[in-house]
**Student:** 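The following block contains the structure, expressed as structure tokens.
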Amino acid sequence: MAATVNLSSTPSNPISKLPSFSLNSPQKTSFSLFPNSSSFPCKPFSHSLKSQFITTSSKNPISDLFPPNKSGPEGDIVSSFSDDDDKPREECGVVGIFGDPEASRLCYLALHALQHRGQEGAGIVAVNNNVLQTVTGVGLVSEVFNESKLDQLPGEMAIGHVRYSTAGSSMLKNVQPFVAGYRFGSVGVAHNGNLVNYRALRAMLEDNGSIFNTSSDTEVLLHLIAISKARPFLLRIVDACEKLEGAYSMVFVTGDKLVAVRDPYGFRPLVMGRRSNGAVVFASETCALDLIEATYEREVYPGEVLVVDKKDGVQSLCLMPHPEPKQCIFEHIYFALPNSLVFGRSVYESRRVFGEILATEAPVDCDVVIAVPDSGVVAALGYAAKAGVPFQQGLIRSHYVGRTFIEPSQKIRDFGVKLKLSPVRAVLEGKRVVVVDDSIVRGTTSSKIVRLIKEAGAKEIHMRIASPPIIGSCYYGVDTPSAEELISNRMSVEEIRKFIGCDSLAFLPFDSLKKMLSTDSPKFCYACFSGKYPVMPREVKVKGVGDSMDDGLNTPLASIDGHWIKGPPNFDLEKEIDPLYQESKI
């Protein structure tokens with residue numbers, strides 16, 4: 001039986017022995033075993049799980065509860081990045097390593113490579129002589145770990161996690177990996193994604209006596225594993241996954257096994273690689289493999305469970321049935337690093353082509369093309385090359401701005417943006433400038449960037465956005481605002497142009513994006529652009545009040561569960577989102 005040792009200031013999460021009970025599963029999962037599979041083995045025998053699609057109107061479904069605020073960008077300037085960091089945020093990154101004597105140190109390096117996927121907390125669980133040892137902390141990877149802490153994590157097997165919360169507040173106790181003890185041993189888990197039926201599962205578990213230590217949806221999974229009657233441990237994971245809805249790419253560790261799991265839709269990425277000494281590596285992106293000199297082998301397939309141990313090597317277990325994949329398109333637009341391969345595609349090439357499409361479909365006479373760094377750079381290079389206009393660095397980004405800062409008593413206009421972005425007057429003055437950015441969410445940052453460029457003397461400013469307009473919130477592991485906060489859900493393109501103050505504005509056409517993806521187009525999730533959700537959310541995401549970002553230590557209760565609330569009695573989310581619901585049923 002594996003033991004658990006916790007070396008951080010957060011206690012491990014013991015799960016009491018509870019009687020088994022039945023949770024109604026939205027889908028029935030069967031499985032088959034494919035040892036050492038090298039090609040995609042997960043072919044469903046039947047499709048009892050049907051994708052649910054709806055059509056969203058331009059009117060926000062909860063606007064009656066939270067009236068939209070259409071004020072201009074001249075709001076109060078506060079010392080917070082809540083408005084000035086106006087981008088969707090990926091929830092986290094995960095890594096797992098099996099068979100390397102320096103597993104925890106390699107895990108630490110891999111988490112560095114995945115730091116862009118989460119900056120609020122980090123943790124590593126290592127296994128040594130069947131004992132699970134964990135170190136977790138709030139902050140960046142370099143702030144959480146040092147030489148002495150890594151020395152406390154010996155062993156040839158480890159998992160790691162970097163976090164930006166979408167479900168659960170940012171307190172230390174919510175930092176993963178989570179470790180739990182149950183009657184057959186201990187298990188650690190790191191999760192990337194979001195469970196849309198988390199609250200319903202948690203309520204059922206609590207009704208049956210479970211006690212929760214965190215506000216994270218990942219803890220639900222540990223309870224489901226603990227109460228499962230399936231044998232062996234691997235089938236406990238399968239049994240637990242039957243009850244989950246939503247997005248999950250996870251790595252588990254026990255006393256002798258490393259397990260990687262990806263949800264049937266494959267919303268979030270997860271890849272497998274191998275080091276020259278034979279060590280097996282799982283990670284959210286291939287950039288993590290590159291840093292620790294692991295060779296990329298393949299993706300963990302949607303609906304697949306991969307098990308690694310000394311006895312049998314790598315074995316593949318496939319959840320059945322699984323639907324057509326619905327991989328997150330925003331990985332290619334914003335989240336992933338350009339040097340990564342995600343869903344089998346080069347992120348760099350995707351973004352370069354996005355820029356070329358914009359240059360072809362939304363041309364404008366200009367003197368220079370600049371990017372909003374860093375995520376807009378590759379698309380801007382594609383735009384400039386296609387348009388035959390020079391690309392230059394018109395905005396310089398500071399990489400040394402902390403999470404909090406002190407503002408002088410005399411308010412500085414657009415203070416947060418000016419701390420992070422500095423315009424280059426020599427590039428901009430007197431020029432007709434095309435500014436390429438990856439997305440517009442609330443529009444607050446875009447309006448401030450336009451002002452910065454105008455103040456640097458630009459003659460004209462033409463915004464080109466390398467994604468379609470975002471009209472819907474994400475429920476699958478991306479922290480986006482509520483629909484009523486999304487500017488494209490409230491305004492036309494012309495209204496947005498006036499709001500942010502540029503001379504012209506164009507988005508990447510949705511149809512052109514799908515055409516560019518060619519035969520892979522049906523395999524991507526476009527819910528944020530179309531409002532069509534592959535898995536219908538059970539809860540409503542509402543506007544957060546006074547809690548856009550906290551310090552990770554003193555989180556108000558209002559933020560717990562990431563501003564997700566249950567609908568009122570008899571609330572039908574599908575009907576609320578789709579006013580044409582009844583027509584679509586005909």
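The figures that follow rest on heavy atoms only: side chains count, while hydrogens, waters and symmetry mates do not.
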**Student:** Are Q176 and T136 close enough that a side-chain donor and a side-chain acceptor fall under 3.5 Å?
**Tutor:** no

**Student:** Which heavy atom of G255 sits nearest to which heavy atom of L132, and what is that distance?
**Tutor:**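 Of all heavy-atom pairs spanning G255 and L132, the closest is N-CD1, 4.1 Å.
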
**Student:** Is any side-chain heavy atom of L224 less than 4.5 Å from a side-chain heavy atom of D239?
**Tutor:** no

**Student:** Should the pair H332 and F524 be assigned to parallel (<30°), tilted (30 to 60°) or perpendicular (>60°) ring geometry?
**Tutor:** perpendicular

**Student:** My understanding is that only residues two or more places apart in sequence, or in another chain, count here; which of them pass salt bridge (charged side-chain N to carboxylate O under 4.0 Å, His left out) with D290?
**Tutor:**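 So D290 forms no salt bridge (charged side-chain N to carboxylate O under 4.0 Å, His left out) with any residue.
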
**Student:** Could you please spell out the steps behind the side chain to side chain contact (heavy atoms under 4.5 Å, CB included) verdict for L508 and I465?
**Tutor:** CA-CA 6 Å; L508 180 70; I465 309 302; over 6 Å; no

**Student:** Do P325 and Y265 come close enough that some side-chain heavy atom pair is under 4.5 Å?
**Tutor:**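 No. Closest side-chain heavy atoms not under 4.5 Å.
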
**Student:** Between the side chains of Y526 and S521, is a donor N or O closer than 3.5 angstrom to an acceptor N or O?
**Tutor:** yes

**Student:** If you count the non-hydrogen atoms of other residues, nucleotides and ligands that lie under 6.0 Å from CD in E349, is the total more than 12?
**Tutor:** yes

**Student:** Is the side chain of T295 donor-acceptor paired with the backbone N or O of G273 at a distance under 3.5 Å, no angle test?
**Tutor:** no

**Student:** Between Y476 and K326, is there a side-chain heavy-atom distance shorter than 4.5 Å?
**Tutor:** no

**Student:** Within the structure provided, determine whether V435 and V372 are in side-chain contact (heavy-atom separation under 4.5 Å).
**Tutor:** yes

**Student:** Could you verify whether a donor N or O on one side chain and an acceptor N or O on the other, from R202 and Y198, lie under 3.5 Å apart?
**Tutor:**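 Result is yes, a qualifying pair exists.
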
**Student:** Tell me whether Q115 contacts the main-chain N or O of H112 through its side chain, where contact means a donor paired with an acceptor under 3.5 Å.
**Tutor:** no

**Student:** Between I124 and V135, is any pair of side-chain heavy atoms under 4.5 Å apart?
**Tutor:**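 No, their side chains stay 4.5 Å or more apart.
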
**Student:** Please confirm whether F184 and F233 have ring centers closer than 6.0 angstrom.
**Tutor:** no

**Student:** Give the C-alpha distance, both sets of side-chain angles, the deciding distance and a yes or no for salt bridge (Lys or Arg N to Asp or Glu O under 4.0 Å) between R105 and D151.
**Tutor:** CA-CA 9 Å; R105 292 175 182 270; D151 286 341; 2.5 Å; yes

**Student:** How long is the span from the CZ atom in F252 to the CG atom in L221, to the nearest 0.5 Å?
**Tutor:** 4.0 Å

**Student:** Looking at every non-hydrogen atom in both residues, tell me the closest pair between A190 and G160 and how far apart they are.
**Tutor:**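 A190 and G160 have their closest heavy atoms at CB-O, 3.8 Å.
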
**Student:** Does the side chain of D438 come under 3.5 Å of the side chain of S467 through a donor N or O and an acceptor N or O?
**Tutor:** no

**Student:** Please work out whether the ring planes of Y108 and F145 are parallel, tilted or perpendicular, with thresholds of 30° and 60°.
**Tutor:** perpendicular

**Student:** Can you check side chain to side chain contact (heavy atoms under 4.5 Å, CB included) on R268 and R262, steps first, answer last?
**Tutor:** CA-CA 8 Å; R268 310 253 61 87; R262 196 165 168 215; 6.0 Å; no

**Student:** With the threshold set at 4.0 Å, does a side-chain nitrogen-carboxylate oxygen contact exist between R351 and E356?
**Tutor:**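 No, no charged N to carboxylate O under 4.0 Å.
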
**Student:** Under the side chain to side chain contact (heavy atoms under 4.5 Å, CB included) rule, what do K514 and L517 come out as? Steps first, then yes or no, please.
**Tutor:** CA-CA 5 Å; K514 293 193 288 186; L517 295 170; 5.5 Å; no

**Student:** If the plane angle is over 60° it's perpendicular, under 30° parallel, otherwise tilted; pick one for F335 and F330.
**Tutor:** tilted

**Student:** Considering all heavy atoms of both residues, which atom of V436 and which atom of V369 are nearest to each other, and what is their separation?
**Tutor:** CG2-CG1, 4.1 Å

**Student:** When you compare the side chains of T254 and D256, does any donor N or O come within less than 3.5 Å of an acceptor on the partner?
**Tutor:**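 Side chains of T254 and D256: pair found under 3.5 Å.
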
**Student:** Just to verify, what does Y383 make a ring-ring contact (aromatic ring centres under 6.0 Å, His included) with, not counting sequence neighbours?
**Tutor:**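 Y383 satisfies ring-ring contact (aromatic ring centres under 6.0 Å, His included) with no residue once adjacent residues are dropped.
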
**Student:** Can you establish whether the number of heavy atoms outside N129 located under 6.0 Å from its atom CG is more than 12?
**Tutor:**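 Not buried by this count: 12 neighbours or fewer within 6.0 Å.
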
**Student:** Just how far is it from atom CZ of F212 to atom CG of D217, taken to the nearest 0.5 Å?
**Tutor:**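 One finds 10.5 Å between CZ of F212 and CG of D217.
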
**Student:** With side chains defined as the heavy atoms from C-beta onward, is the minimum distance between V271 and F282 less than 4.5 Å?
**Tutor:** no

**Student:** Hey, is CD on E102 packed in by over 12 heavy atoms from elsewhere, all under 6.0 Å?
**Tutor:** no

**Student:** For E297, what residues pass the salt bridge (charged side-chain N to carboxylate O under 4.0 Å, His left out) criterion, not counting sequence neighbours?
**Tutor:**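 Partners of E297 by the salt bridge (charged side-chain N to carboxylate O under 4.0 Å, His left out) criterion, ordered by chain and then number, come out as R274.
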
**Student:** Considering only heavy atoms from C-beta outward, does the side chain of I159 approach that of L258 to under 4.5 Å?
**Tutor:** yes

**Student:** Decide yes or no for P232 and L235: does some side-chain heavy atom of the first lie under 4.5 Å from some side-chain heavy atom of the second?
**Tutor:** yes

**Student:** Give a yes or no on whether a salt bridge exists between E331 and R345, defined as a side-chain N under 4.0 angstrom from a carboxylate O.
**Tutor:** no

**Student:** Report the C-alpha separation of T445 and I449 in whole Å, then their side-chain angles, then the decisive distance to 0.1 Å, and conclude whether the side chain to side chain contact (heavy atoms under 4.5 Å, CB included) test is met.
**Tutor:** CA-CA 6 Å; T445 298; I449 289 172; 3.7 Å; yes

